[in-house]
Novice: 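Sharing a structure with you now.
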Amino acid sequence: MAAKIHSFESVVIGHLSNIKERFFGVKRTEVAQDVDCNSTHGGYLGGFDTLPVEIHFLIMTFLSPQDLCRLGGTSQYWRALVRDPSLWKYFLLRDLSLWSSVDHLSMPDMESLERALSQSSVSESRDFMADYLRTCPACRGLWHQSRPAYETVASFLKSMVVTVAEPRFAMFGPGLEQLEACLVLKMLNSPDILPVTGASQRQISGIGSGITFMYGGQHKFSIFTLHSTNRAERERARLEQVDVQSRLFIQREDEASGRPVFSLAPNVQEVCQAVEGFIFASNAERERGCSEAKERELAQIKAMLDPEWGPPSRPLLVLSCTSREGPDCPRVPCLKVAQWLKLSLLPNPWMVQDTVVETLSGLLDGIQWLLRQSGTRL
């Protein structure tokens, strides 16, 4: 990927050179037709614009999207540079795998985007700038998407409803059991990040009471941790790097498609009826080369979110977990995790958040989103 990004730099510089020639070319008769007489430059080079386009490109690579947009507002020439599709295609190639979160509102159509990014040429019909600004975590709050009228009304009515004093969430998934570091133990022993305030008052048969945490010094919430099996079997499966048969679900095979279909065990059904949202801990340390594992995780998520156990408005937070940070622990990008789990097919609001178990980096961002989606006013 690094070689591809580097080779595409010449394509971008070529596009920027064409723009500069169009505005400040040697053939003045041709330039006069292309340059607005009322533009800041009036078709003449001066000051900052005398620098080579290679320097212009280098400068733009260090600017934030907000600063790039401000730069584009200084003149028609810089607006043309900033709006060039090849520039934003380059930014997507460079940054897409580095973004730490994506949600149901910002997730792009990955198949079409990857096809467009893999092409050597730049499609004029694709707005790479819009793709970037919509998907980039730092730009999401600035990207105003049009919302259907019913969503606006629903959001207004939701704001008038009394919020849950102590929301409850069910947490499950392979990221709880397949990593060297234990997410639950780290959460329990990090009072500076998430103080533990006690056990939830709500007792659920066969599951336990859950643990109550404090967010931001004033917002309590409870997490029911749902392990697939007992500790000894989980540890054996982790060491042997094999999947275990989960006791949370009852599995059968669909006769028509041959794909696995999961239903919830009775005690898990009670949990799903009692909670306001879900946390799925994904193992982001390994590539999901096995399509069967992908289908199984998606089927288990769908079983938990089944409308039979609660409304489809309940949020799903996917913690894309690695044990630690560093080159010795490579991470699957969060957009890939969302794509593999086919989260765009879910009716529920969802978010994928990169999380490092060793430091709990990213966890608070995910919890903040989850609390807001469940109705907590932060």
Side-chain angles (χ1 to χ4, degrees), residues 1-100 106 108 110 112-140 142-143 327 330-331 333 335-336:
M1 178 57 76
K4 183 177 181 179
I5 295 172
H6 181 71
S7 65
F8 194 71
E9 289 181 2
S10 60
V11 176
V12 180
I13 292 173
H15 278 242
L16 301 184
S17 298
N18 292 337
I19 294 173
K20 188 170 185 178
E21 183 179 349
R22 191 170 77 243
F23 276 81
F24 309 111
V26 177
K27 298 179 180 180
R28 306 304 304 164
T29 55
E30 294 182 7
V31 174
Q33 298 174 359
D34 293 331
V35 179
D36 187 346
C37 293
N38 296 322
S39 71
T40 302
H41 297 288
Y44 295 96
L45 281 168
F48 189 43
D49 306 326
T50 60
L51 295 173
V53 291
E54 291 84 356
I55 303 299
H56 289 167
F57 171 65
L58 181 63
I59 290 171
M60 288 190 288
T61 61
F62 286 100
L63 297 179
S64 68
Q66 294 90 332
D67 290 335
L68 276 170
C69 293
R70 295 187 187 101
L71 179 62
T74 59
S75 70
Q76 290 194 13
Y77 169 62
W78 280 101
R79 183 179 186 276
L81 291 184
V82 169
R83 291 288 303 179
D84 183 70
S86 68
L87 179 67
W88 292 95
K89 179 176 178 178
Y90 170 83
F91 289 149
L92 280 168
L93 285 169
R94 183 192 66 180
D95 299 339
L96 200 63
S97 63
L98 303 177
W99 287 331
S100 60
S106 60
M110 286 298 294
S112 66
L113 180 58
E114 287 176 339
R115 281 198 303 270
L117 292 176
S118 65
Q119 296 171 358
S120 57
S121 60
V122 179
S123 173
E124 296 296 332
S125 61
R126 183 96 194 189
D127 191 345
F128 289 106
M129 182 178 181
D131 285 327
Y132 190 100
L133 295 179
R134 181 174 56 248
T135 312
C136 174
C139 302
R140 259 175 234 157
L142 305 175
W143 181 259
R331 161 184 296 282
L335 275 83
K336 276 291 185 183

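Values reported hereafter were calculated over all heavy atoms of this structure, with side chains retained and with hydrogens, waters and symmetry mates removed.
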Novice: Nearest 0.5 angstrom please: Leu93 CG to Ile5 CD1, how far?
Specialist: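 Rounded to the nearest 0.5 Å, the CG-CD1 separation comes out at 6.0 Å.
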Novice: Kindly compute the distance separating CD1 (Ile59) from CG (Leu71), expressed to the nearest 0.5 Å.
Specialist: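 Between atom CD1 of Ile59 and atom CG of Leu71 there are 8.5 Å.
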Novice: Any idea which heavy atoms bring Gly72 and Arg79 closest together, and the distance?
Specialist: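 Scanning both residues, the minimum pair turns out to be O-CB, 3.2 Å.
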Novice: CZ/Phe24 to OH/Tyr77 distance, rounded to the nearest 0.5 angstrom?
Specialist: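 Going from CZ on Phe24 over to OH on Tyr77, the span is 6.0 Å.
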Novice: If you measure from SG on Cys69 to CE on Met129, what distance do you get to the nearest 0.5 Å?
Specialist: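 Between atom SG of Cys69 and atom CE of Met129 there are 4.0 Å.
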Novice: Taking all non-hydrogen atoms of both residues, which atom of Arg22 and which atom of Ala80 are closest, and how far apart?
Specialist: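 Distance-wise, the nearest heavy atoms are NH2-CB, 4.1 Å.
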Novice: Heavy atoms only: give me the nearest Val53-Ser17 pair and the separation to one decimal.
Specialist: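 The answer is CG2-OG, 3.1 Å.
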Novice: I want to check something: taking the side chain as every heavy atom from C-beta on, are Leu113 and Thr135 in contact at a cut-off of under 4.5 Å?
Specialist: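 A side-chain contact under 4.5 Å is absent here.
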Novice: If you round to the nearest 0.5 Å, how far is CG of Leu81 from CG of Leu16?
Specialist: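 Going from CG on Leu16 over to CG on Leu81, the span is 5.5 Å.
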Novice: If the condition is salt bridge (Lys or Arg N to Asp or Glu O under 4.0 Å), which residues does Arg83 pass it with, not counting sequence neighbours?
Specialist: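 Arg83 satisfies salt bridge (Lys or Arg N to Asp or Glu O under 4.0 Å) with no other residue.
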Novice: Take Glu9 and Thr61, measure what side chain to side chain contact (heavy atoms under 4.5 Å, CB included) needs, and give me the verdict at the end.
Specialist: CA-CA 11 Å; Glu9 289 181 2; Thr61 61; over 6 Å; no
Novice: Are the side chains of Ser10 and Ile13 in contact, using a 4.5 Å heavy-atom criterion?
Specialist: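 No, side chains not in contact.
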Novice: Taking the side chain as every heavy atom from C-beta outward, state whether Leu87 and His15 have any atom pair closer than 4.5 Å.
Specialist: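 Side chain of Leu87 against side chain of His15, heavy atoms only: no contact under 4.5 Å found.
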Novice: So which heavy atom on Leu63 is nearest to which on Asp67, and how close?
Specialist: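 Closest approach of Leu63 to Asp67, heavy atoms only: CB-CB, 4.1 Å.
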Novice: Just jot down the salt bridge (Lys or Arg N to Asp or Glu O under 4.0 Å) partners of Asp95, sequence neighbours excluded, or say none.
Specialist: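 Asp95 satisfies salt bridge (Lys or Arg N to Asp or Glu O under 4.0 Å) with no other residue.
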Novice: Going from CD1 on Ile19 to CH2 on Trp78, what distance comes out if it is rounded to the nearest 0.5 angstrom?
Specialist: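 If I round to the nearest 0.5 Å, the distance is 10.5 Å.
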Novice: Between Trp99 and Tyr132, is the ring centre distance below 6.0 Å?
Specialist: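 Ring centroids of Trp99 and Tyr132 are less than 6.0 Å from each other.
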Novice: Is a donor on one side and an acceptor on the other found under 3.5 Å between the side chain of Lys89 and the backbone of Arg126?
Specialist: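 Looks like no, no N/O pair under 3.5 Å.
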Novice: Do other residues, nucleotides or ligands put more than 12 heavy atoms under 6.0 Å from the CZ atom of Arg94?
Specialist: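 Result for CZ/Arg94: enclosed.
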Novice: Write down the atom of Met60, the atom of Phe91, and the distance for their closest heavy-atom approach.
Specialist: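 Minimum heavy-atom contact is O-CZ, 3.7 Å.
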Novice: Taking ring-ring contact (aromatic ring centres under 6.0 Å, His included) as the test, write out the residues that go with Phe8, two or more places apart.
Specialist: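 Partners of Phe8 under the ring-ring contact (aromatic ring centres under 6.0 Å, His included) test: none.
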Novice: Would a 4.5 Å heavy-atom cut-off, applied to side chains only, mark Phe23 and Asp49 as touching?
Specialist: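 With C-beta onward as the side chain, the pair stays apart.
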Novice: If we ignore angles and hydrogens, is there a donor and acceptor under 3.5 Å between the side chains of Trp88 and Asp127?
Specialist: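 Judged by distance alone, the side chains do not pair up.
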Novice: With the side chain counted from C-beta on, respond yes when Leu96 and Pro333 share a heavy-atom pair under 4.5 Å apart, and no when they do not.
Specialist: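 When only atoms from C-beta onward are counted, Pro333 and Leu96 do not touch, as no gap falls below 4.5 Å.
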